[in-house]
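Note sheet for the following structure.
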Amino acid sequence: MNADQPDYKDTLHLPRTDFPMRAGLPQREPEILARWAEIDLWGKLRADSKGREKYILHDGPPYANGHLHIGHALNKILKDIINRSRQMTGYDAPYVPGWDCHGLPIEWKIEERYREKGQDKDAVPIVEFRRECREFADHWIGVQREEFKRLGVLGDWDNPYLTMNYEAEAVIADELGKFLMSGALFRGARPVWWSAVEKTALAEAEAEYMEHKSTTIWVRFPVVKAADPALEGASVVIWTTTPWTIPGNRAVACHEDFDYAVIEVTEVAEKTGATVGERLVVARNLVAATCEQAGIAAHEIVATLPGARIAGSTCAHPWRGVEGAGGHYDFDVPVLSAEFVTDDAGTGFVHIAPGHGADDWHLGRANGIEIPETVGEDGCFHDFVPLMDGAAVITQEGKDGPANGTAIREIAKAGKLLAKGSLRHQYPHSWRSKAPLIFRNTAQWFISMETNDLRAKALQAIEKTDFYPKAGQRRLYSMIESRPDWCVSRQRAWGVPIPVFVHKETGEPLRDQAVVDRIVAAFREEGADAWFTSDPSRFLGNDYDSGAYEQVRDVVDVWFDSGSTHAFTLEARADQQWPASLYLEGSDQHRGWFHSSLLESCGTRGRAPYDAVLTHGFVMAEDGRKMSKSLGNVVVPQEVNDKYGAEILRLWVVSEDYSGDLRIGEAMLKQLTDYYRRFRNTLRWLLGNLAHFDPAKRVDPKDMPELERWVLSRLSAMDGVVRAGIEGYDFNRIFRELHEFCAVDLSAFYFDVRKDSLYCDAPDDADRLAALSVLDTVFDCLTAWLAPILSFTTEEAWLARTGAADDNSVHLRQMPEIPAGWRDEALEAKWATVRRARRVVLAALERKRNEKAIRANLDAAPVVHASPAIQGALATVDFADVCITSDIVISDADAPDDAFRLDDVEDVAVAFARAEGEKCQRCWKVLPDVGAGPDAPDVCGRCAEAVKHMPAAAE
RNA sequence: GGGCCUGUAGCUCAGUUGGUCAGAGCGCACCCCUGAUAAGGGUGAGGUCAGUCGUUCAAAUCGACUCAGGCCCA
């Protein structure tokens with residue numbers, strides 16, 4: 001610009017706003033959070049929506065033992081987006097966050113502290129131990145609460161639900177009481193990892209696998225009832241690494257798909273356990289290995305048959321009829337088929353001792369086989385087990401006891417020992433004493449799946465529940481369909497006690513509602529500690545002799561705790577409602593919270609505690625693999641907050657399809673910031689222009705130009721997208737469509753086209769006022785639509801426009817009601833045509849630009865040769881404005897041969913021409929009437945007129 | 001090993017009941033603007049639709065298998 005020319009910039013209505021382009025989210029977000037706290041946004045929302053239909057998203061409780069990871073962030077942000085979007089579409093959506101507080105991981109942490117101090121946990125009074133657990137959980141609840149709030153998650157953070165609240169502990173006991181009273185809670189037995197040294201059960205995760213040398217044996221189980229004639233007179237051969245479990249044997253398992261061989265021994269080696277002429281059955285591809293081990297020098301294969309034809313046979317226990325056993329082992333040993341049988345070692349037959357193995361136990365239960373108790377808590381055989389002499393499996397010093405030797409000797413004496421060997425393998429040991437563990441049958445409490453038709457009720461409830469995505473329904477269904485009874489007891493300290501008394505003589509649990517009620521009342525007042533600090537008579541009252549009852553010392557499985565959250569939160573709280581509208585968690589919770597809540601609720605209330613279940617996938621690193629510290633690809637939410645802002649995480653949640661696994665990494669975060677900038681700058685430009693808008697001069701839609709009405713129609717369509725997305729939890733679609741709307745419809749088209757009018761027209765020019773009116777509406781819509789997602793930025797923009805009064809927040813708004821008349825599909829179709837023609841013009845000008853014929857499009861005034869149909873569309877349109885050229889000619893003449901065309905746009909050809917005239921120094925269009933006005937020699941007529949109407953240069 | 005799920009351009013996603021050359025946005029390259037400026041506009045290059053084999057006149061879309069990844073089990 002020449003220095004001697006007047007600067008017209010001050011006469012333009014350029015965007016003016018304090019809303020910065022650079023968000024500074026890491027700094028700004030905490031300020032916005034502070035304001036929400038200060039104005040009590042949560043309280044205002046509640047007051048605002050009082051009496052509206054409730055939308056209850058019941059929070060699945062995270063575990064209170066560490067900082068949040070990215071999965072927590074995904075989960076809570078998604079919940080927040082759903083709650084906010086429901087709140088803005090006519091519901092009252094009071095979100096109560098919760099925490100899971102009891103359980104093993106916290107217990108471990110406390111035990112670890114003891115170990116570090118050289119203290120013994122068992123020497124500490126249980127109530128003291130529990131107090132430390134409680135404090136530990138309390139600490140992490142505080143930490144996580146702040147981390148969740150930092151993500152912008154709105155909720156009743158001052159009154160969350162905690163499974164360790166006294167009220168919750170009371171309700172959990174009460175719920176368990178319902179199962180007790182209905183007869184569904186019963187005492188059964190199941191094998192658990194057991195340490196004979198500590199005389200305690202260990203959790204799976206407490207077992208340390210270390211190398212161990214085990215004695216292996218091959219044992220004959222004579223077939224007494226053959227399912228196939230080929231098995232007559234033969235012995236099934238089993239192989240085991242735990243000879244001491246033979247007394248507990250009650251079955252043999254084979255695999256129905258494996259081929260088995262019946263062999264006849266024809267020659268034996270010098271050292272052998274086999275006899276010439278005997279028939280043995282082993283898996284076909286283990287025949288050679290077995291023969292070698294047993295010293296069988298030669299054999300004949302008498303028959304081969306699949307496991308399917310062996311299953312159903314009956315064998316004799318190796319000690320059937322043995323002297324001194326008193327007929328104890330004379331029971332039948334059925335051959336069952338089982339999937340877990342392998343043929344990579346052993347004989348293809350697995351000896352099943354239901355009291356000494358998980359597979360064994362499941363198979364035994366599935367087939368109605370008794371689960372014998374053979375070993376006491378000190379690791380020694382019970383005296384009533386014949387032939388074992390009370391031998392120790394594991395000694396109190398943590399060494400192998402004599403039980404293996406005793407068993408092997410007796411098997412050999414009975415003539416059933418085919419071979420013996422040894423094996424080094426990984427075997428579980430106690431993490432405390434380092435002694436080998438054994439699987440031992442123990443008394444446990446179960447909730448029956450069949451009593452009161454729990455399984456059937458649960459399956460029916462699943463069918464009545466909506467699942468997002470749909471596949472979750474089948475997943476949960478098949479789990480419930482096949483699951484065993486629910487083992488709810490844990491031999492632990494940090495949990496809600498199983499509030500049951502068992503009669504010492506009958507072994508029957510006491511079922512008396514009055515007793516349950518007294519327990520619940522005590523828990524409500526003092527917490528579940530009351531169970532450990534009170535004399536049993538406090539609960540038993542005068543009706544029972546406390547000496548006749550044993551007080552159960554087990555605590556309940558934490559899944560029962562969280563399965564009861566619906567009872568002590570949805571039912572108990574006045575602001576909540578039962579059942580929940582939605583449960584939302586990671587897809588692993590089909591096995592967890594969805595599952596336990598369903599069973600708990602069906603068992604006590606006959607239906608699911610939720611109307612719908614939504615699952616999200618897991619967060620992977622950028623390459624689609626699991627995040628792991630060793631790979632260094634872990635994304636931590638706190639770091640994203642500090643570097644990019646929580647808003648970027650919120651955007652991330654909706655930028656992906658959360659029904660499957662999601663990914664996150666540096667490259668994606670960069671892309672997300674680009675998405676963010678598009679939204680932010682769209683709002684910024686709107687704000688800048690709206691600074692010039694006087695609502696009193698709002699133009700009615702019916703008086704607007706077509707282009708403005710087209711925008712309104714697009715808004716109407718977007719409204720449909722937003723509402724459908726909220727309804728169906730498809731926020732990815734909302735995000736995608738809104739982003740495209742901002743980028744393509746608005747920024748690249750509507751804004752670009754209307755800049756001329758908005759910046760240059762006279763203040764009260766009708767078209768300019770219409771455009772401003774539309775911008776106001778667009779702003780109104782976008783801030784509301786994006787508010788659930790970009791909760792910080794929309795608030796910032798909204799306050800920038802409407803003022804930061806204490807009762808003002810974008811989150812107190814409802815989604816805008818779009819008048820039905822705005823949608824005009826014919827108009828949208830017409831403008832689709834206009835934009836197709838525009839594309840040809842822009843492409844033609846691009847070519848000229850590359851040829852250096854023009855620079856800006858305003859240098860051109862092309863001739864558009866179009867078909868009559870397209871001319872019809874362009875007739876009512878200022879096509880030069882639309883193409884941002886200084887002039888344009890629509891011609892019905894045949895296009896010259898060198899006219900520009902696009903392959904995919906028929907009937908439009910563009911012939912290039914430069915714009916005629918001088919460049920207006922104000923609007924930069926090249927026009928013939930520049931300088932026509934005497935006062936303004938370097939501007940066009942329109943601008944001369946506009947400047948005249950400007951009240952002052954510094955508007 | 002079993003159940004369930006996922007696999008479309010560098011990235012995030014669309015692709016209705018199988019049938020116009022597989023689409024969008026972003027990113028990228030190049031050009032323009034410099035009155036949305038750590039912004040804005042335009043043009044363009046990118047894909048054996050994980051792979052193989054089938055069904056069909058016709059498959060990204062149906063079936064089987066394989067590979068890779070995930071969740072839950074064993």
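All values reported here derive from a predicted model rather than from experimental measurement. Order of the sequence lines sets the chain letters (A, B, ...), proteins ahead of strands, with each chain counted from 1.
- Residues A/Lys670 and A/Asp674 are paired through a salt bridge, judged by an N-O separation under 4.0 Å between the basic side chain and the carboxylate.
- Ranked by how close their nearest RNA chain B nucleotide is to the 5' end, A/Cys923 and A/Ser655 are led by A/Ser655.
- Summarising the geometry of A/Gly586 relative to A/Thr615, their closest heavy-atom pair is O-CG2, 4.2 Å, with the distance given to 0.1 Å.
- When the P atom is compared between B/rG42 and B/rG70, the two are found 41 Å apart, to the nearest whole Å.
- The CG atom of A/Leu902 sits 14 Å away from the P atom of B/rG42 (whole-angstrom rounding).
- Comparing the same atom, P, in B/rU56 and in B/rA50 gives a spacing of 23 Å after rounding to whole Å.
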Write down the protein N/O and nucleotide N/O pairs, taken from nucleotides 24-29 of chain B, whose separation is under 3.5 Å; answer none if there are no such pairs.
{"residue": "B/rA24", "atom": "O2'", "partner": "A/Glu740", "partner atom": "OE1", "Å": "2.8"}
{"residue": "B/rA24", "atom": "O2'", "partner": "A/Glu740", "partner atom": "OE2", "Å": "2.9"}
{"residue": "B/rG25", "atom": "O2'", "partner": "A/His739", "partner atom": "ND1", "Å": "2.9"}
{"residue": "B/rG25", "atom": "N2", "partner": "A/Gln671", "partner atom": "NE2", "Å": "3.1"}
{"residue": "B/rG25", "atom": "N2", "partner": "A/Tyr675", "partner atom": "OH", "Å": "3.0"}

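- A/Ala667 comes within contact range of no nucleotide atom at all, as no heavy-atom separation falls under 4.0 Å.
- Between A/Asp588 and A/Arg591 there is no salt bridge, since no side-chain nitrogen of the basic residue lies less than 4.0 Å from a carboxylate oxygen of the acidic one.
- Per the geometry, CZ belonging to A/Arg849 stands 8 Å off P belonging to B/rC32, to the nearest Å.
- No donor-acceptor contact under 3.5 Å links the side chain of A/Thr17 to the base of B/rA36.
- For A/Tyr676 and A/Tyr644, the distance between ring centers is not under 6.0 angstrom.
- Pairing partner, B/rA24: B/rU12, with both Watson-Crick or wobble hydrogen-bond distances short of 3.5 Å.
- Under the side-chain hydrogen bond (donor to acceptor under 3.5 Å, both in side chains) rule, A/Glu647 has a single partner from A/Thr793, A/Thr673, A/Thr794, which is A/Thr793.
- Taking the P atom of each, B/rG44 and B/rG25 are spaced 12 Å apart, rounded to whole Å.
- Across the C1' atoms, B/rU8 and B/rU61 are found 11 Å apart, a figure rounded to whole Å.
- Rounded to the nearest Å, the gap between the P atom of B/rU34 and that of B/rC28 is 23 Å.
- In this structure, B/rG41 shows a glycosidic angle more than 90 degrees from zero, which is the anti conformation.
- B/rC11 and B/rC73: their P atoms are spaced 32 Å apart (whole Å).
- If you measure from atom CZ of A/Phe912 to atom P of B/rG42, you get 19 Å, rounded to the nearest angstrom.
- Set against B/rG3, B/rC32, B/rA36, the side chain of A/Lys852 has B/rC32 as its closest nucleotide.
- Using a cut-off of 4.0 Å between Lys/Arg side-chain N and Asp/Glu carboxylate O, A/Arg849 and A/Asp859 are scored as not salt-bridged.
- Residue-level contact check: A/Ser482 touches neither bases nor backbone, having no heavy atom under 4.0 Å from any strand.
- Taking the C1' atoms as reference points, B/rG23 lies 12 Å from B/rA60, given to the whole Å.
- Applying the 4.0 Å criterion to OP1 and OP2 of B/rA36, one finds that A/Tyr759 has a side-chain N or O inside that range.
- In this structure, A/Arg680 satisfies the cation-pi test against A/Phe19, with its NZ or CZ atom closer than 6.0 Å to the six-membered ring centre and inside 45 degrees of the ring normal.
- Residue A/Leu842 has its side chain nearest to B/rG42 when only B/rC13, B/rG42, B/rU37 are considered.
- Atom CZ in A/Arg474 sits about 14 Å away from atom C1' in B/rU6, given to the nearest Å.
- Looking at heavy-atom distances under 4.0 Å, A/Arg680 makes no contact with the nucleic acid at all.
- Summarising the geometry, the separation between CG on A/Asp657 and C1' on B/rU12 is reported as 10 Å, rounded to the nearest angstrom.
- B/rC49 sits 11 Å from B/rA59 when the C1' atoms are compared, rounded to a whole Å.
- Judged by distance alone with a 3.5 Å cut-off, a donor-acceptor contact links the side chain of A/Trp924 to the base of B/rG35.
- Between A/Asp730 and A/Arg736, none of the side-chain N atoms (NZ, or NE/NH1/NH2) sits under 4.0 Å from a carboxylate O, so this pair counts as no salt bridge.
- A 3.5 Å limit on both hydrogen-bonding distances identifies B/rU66 as the Watson-Crick or G-U partner of B/rA50.
- Look at B/rU61: it lacks any Watson-Crick or wobble partner with both distances under 3.5 angstrom.
- Remark: B/rA29 base-pairs with B/rU43; criterion is Watson-Crick or G-U wobble with both hydrogen-bond distances under 3.5 Å.
- Geometric assessment of A/Arg847 against the ring of A/Phe900 yields a negative cation-pi assignment under the 6.0 Å and 45° thresholds.
- Rounded to an integer number of Å, the gap from CZ of A/Arg22 to C1' of B/rU37 is 13 Å.
- Between A/Lys848 and B/rG42, a side-chain N or O to OP1/OP2 separation shorter than 4.0 Å is absent.
- Atom CG in A/Asp756 sits roughly 12 Å away from atom C1' in B/rG35 (whole-Å rounding).
- A donor-acceptor pair shorter than 3.5 Å cannot be found between the side chains of A/Asp100 and A/Trp593.
- In this structure, the CG atom of A/Asp623 is 16 Å from the C1' atom of B/rA50, given to the nearest Å.
- Checking each of A/Asp765, A/Asp756, A/Asp881, A/Asp767 against A/Arg942 for a salt bridge (charged side-chain N to carboxylate O under 4.0 Å, His left out) leaves exactly one that passes, namely A/Asp756.
- Both distances falling under 3.5 Å, in either a Watson-Crick or a G-U wobble arrangement, occur for no nucleotide opposite B/rU34.
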Where protein sits on nucleotides 68-74 of chain B, one letter per nucleotide: B base, S sugar-phosphate only, - none, heavy atoms under 4.0 Å: SSSBSSS
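- Under the 3.5 Å distance criterion, the side-chain polar atoms of A/Glu656 are matched with a main-chain donor or acceptor of A/Arg663.
- Where A/Met668 and A/Cys760 meet RNA chain B, the nucleotide closest to each residue was compared, and A/Met668 sits on the side nearer the 5' end.
- Close to B/rC32, at under 4.0 Å from its OP1 or OP2, lies no side-chain N or O of A/Arg855.
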